[in-house]
Amino acid sequence: MKKYLLLLLVALLWSCSPEADQPKPIAAAQYLNVAYGDDPEQTYDVYLPAGRSTATKIMFLVHGGGWISGSKEDMVYLVQFMQLQFPQYAIVNLNYRLATTTSPAYPKQINDVAAAVAHAGSHYGLSKDYGFIGTSAGGHLSMLYAYKMDPAQHVKLVCNVVGPSDFNDPSYLGTPIQSEYLPYIGSEITPAYLSEISPITYVNAKSAPTIQFMGDTDPLVPATQGERLEDKLDSFGVSNEFNIYQASHGDFNPADSQDIFGRLSIFLAQHF
């Protein structure tokens with residue numbers, strides 16, 4: 001009987017100890033192919049860091065492919081980069097509905113980005129501070145969302161890799177991307193419509209800090225795109241950085257790729 005009472009007393013004391021009251025550490029987790037809409041293409045992968053909280057920021061990754069192809073699998077290398085360099089952030093790598101001649105990219109793709117942001121922002125108990133990294137068409141969608149679709153300024157940073165920002169750029173008119181891809185973006189090719197789908201149109205003094213990486217011989221997205229966006233951001237005093245390399249459309253050599261990751265790391269550390 002005495003032994004039983006002693007064990008009961010020890011159990012009671014342990015249950016009241018500070019160690020017993022401590023919550024278990026939150027482990028890292030990942031959820032693949034999370035549906036944020038009814039269409040099979042409306043999915044994302046989410047990577048949640050260990051020890052996450054309501055202060056954990058979310059980085060959204062948006063793939064390219066001329067609005068008509070590509071998938072979130074194309075951005076796995078950036079998931080790995082973010083997990084290695086910035087393990088404190090959550091990562092959402094998203095798919096969106098691809099365009100066809102009968103179902104153009106605009107506005108369904110930017111609506112998909114908005115839906116994915118709303119879904120991820122409300123399901124994991126994380127911060128409402130967001131960042132975007134987009135490549136090519138994904139860069140266009142990232143900037144368009146950040147500059148146009150985020151009136152509350154939740155987006156704190158945008159990284160654009162070879163994405164178009166101004167479809168009315170004279171250097172852009174008559175290029176392969178205009179003749180080959182613009183019919184998939186929307187039904188109208190007028191200056192007013194091109195302004196509507198151009199991220200540069202919506203830049204203002206509250207726009208998110210932006211970093212750009214482009215090639216000087218890109219036949220799809222001329223370097224003037226980056227220059228024009230840089231000038232517009234500068235005119236409003238928005239922190240930004242424009243980097244140009246001897247490259248075509250995203251075919252950066254290993255040294256340039258290393259430089260890009262280094263500059264992106266510094267920009268992220270400063271602004272996100």
Side-chain angles (χ1 to χ4, degrees), residues 54-62 82 86 89-90 92 94 105-107 109-118 120-122 126-172 185-186 190-214 221-244 260 263-272:
T54 55
T56 299
K57 300 175 182 179
I58 306 176
M59 180 63 72
F60 291 90
L61 307 181
V62 190
M82 289 299 300
F86 298 94
Y89 299 143
V92 173
L94 64 95
Y106 186 84
Q109 290 181 353
I110 195 62
N111 289 340
D112 282 357
V113 173
V117 171
S122 63
L126 306 176
S127 170
K128 298 296 185 182
D129 287 351
Y130 308 138
F132 274 85
I133 302 176
T135 61
S136 195
H140 164 252
L141 293 171
S142 297
M143 291 184 291
L144 190 61
Y145 178 84
Y147 302 155
K148 180 183 181 183
M149 309 287 286
D150 181 40
Q153 283 90 49
H154 290 303
V155 180
K156 307 302 181 184
L157 175 142
V158 182
C159 171
N160 171 42
V161 183
V162 300
S165 59
D166 183 0
F167 292 104
N168 278 313
D169 177 1
S171 298
Y172 196 87
I185 300 178
T190 65
Y193 187 77
L194 295 179
S195 291
E196 182 180 346
I197 63 175
S198 293
I200 198 171
T201 302
Y202 307 97
V203 169
N204 59 65
K206 296 183 178 180
S207 293
T210 302
I211 185 169
Q212 299 187 83
F213 301 99
M214 305 194 76
V221 184
T224 53
Q225 292 281 289
E227 296 167 358
R228 289 166 73 89
L229 181 59
E230 179 186 36
D231 290 343
K232 186 71 174 287
L233 291 165
D234 284 346
S235 72
F236 283 103
V238 177
S239 180
N240 74 96
E241 183 179 316
F242 172 48
N243 301 281
I244 189 164
I260 288 170
R263 291 179 182 275
L264 178 56
S265 294
I266 294 171
F267 201 80
L268 279 167
Q270 290 175 338
H271 298 284
F272 196 62

Q: Identify the two heavy atoms, one from T56 and one from A90, that lie closest to each other, and give their separation to 0.1 Å.
A: CG2-N, 3.8 Å
Q: Hey, would you say the F167 and H140 ring centroids sit under 6.0 Å apart?
A: yes
Q: Could you report the tightest heavy-atom contact between P170 and R228, atom names first, then the distance?
A: CD-NH1, 3.6 Å
Q: Sub-3.5 Å donor-acceptor pair from the side chain of Q212 to the main-chain atoms of V162, do we have one?
A: no
Q: Between E241 and I211, is there a donor-acceptor pair closer than 3.5 Å when you use the side chain of the first and the backbone of the second?
A: no
Q: Side chain to side chain contact (heavy atoms under 4.5 Å, CB included), that's the test. Do V62 and I133 meet it? Break it down for me.
A: CA-CA 6 Å; V62 190; I133 302 176; over 6 Å; no
Q: Hey, does Y147 have a side-chain heavy atom less than 4.5 Å from the side chain of L229?
A: yes
Q: Heavy-atom distance under 4.5 Å between the side chains of M214 and V221, does that happen here?
A: yes
Q: Enter the distance from T135:OG1 to N160:CG here, rounded to the nearest 0.5 Å.
A: 9.0 Å
Q: Given the rule in the side chain to side chain contact (heavy atoms under 4.5 Å, CB included) test, do T210 and L233 qualify, once you have shown the distances and angles that lead to the verdict?
A: CA-CA 8 Å; T210 302; L233 291 165; 3.8 Å; yes
Q: Can you tell me how far CZ of F213 sits from CD1 of I260, rounded to the nearest 0.5 angstrom?
A: 6.0 Å
Q: Would you indicate whether the side-chain heavy atoms of H154 and V117 approach each other to under 4.5 Å?
A: no
Q: Is any side-chain heavy atom of Y145 closer than 4.5 Å to one of D150?
A: yes
Q: How about E230 and N240: do any of their side-chain heavy atoms sit closer than 4.5 Å?
A: yes
Q: Let me confirm one number: the OG-CG distance from S165 to L144, rounded to the nearest 0.5 Å.
A: 11.0 Å
Q: Quick one: are M143 and F132 in side-chain contact, heavy atoms under 4.5 Å?
A: no
Q: Side chains of D129 and I58: does their closest heavy-atom pair fall under 4.5 Å?
A: no
Q: Please report the interatomic distance CE(M59) to CZ(F86), rounded to the nearest 0.5 Å.
A: 8.0 Å
Q: Side chains of L268 and S265: closer than 4.5 Å at any heavy-atom pair?
A: no
Q: Report yes or no: does S195 contribute a side-chain atom to a donor-acceptor pair with the main-chain N or O of P191 at less than 3.5 Å?
A: yes
Q: To the nearest 0.5 Å, tell me how far H271 NE2 sits from K156 NZ.
A: 13.0 Å
Q: Considering non-hydrogen atoms only, spot the tightest contact between A146 and V158 and give its length.
A: CB-CG2, 3.4 Å
Q: Quick one, M149 with V113, criterion side chain to side chain contact (heavy atoms under 4.5 Å, CB included). Give me CA distance, side-chain angles, the key distance, then yes/no.
A: CA-CA 10 Å; M149 309 287 286; V113 173; over 6 Å; no
Q: Nearest 0.5 Å, what's the OG-CD distance between S239 and Q270?
A: 7.0 Å
Q: Passes ring-ring contact (aromatic ring centres under 6.0 Å, His included), F272 versus Y89? Steps please.
A: CA-CA 10 Å; F272 196 62; Y89 299 143; 4.9 Å; yes
Q: Using the six-membered ring of Y130, assess whether NZ or CZ of K57 lies under 6.0 Å from its centre and within 45 degrees of the ring axis.
A: no
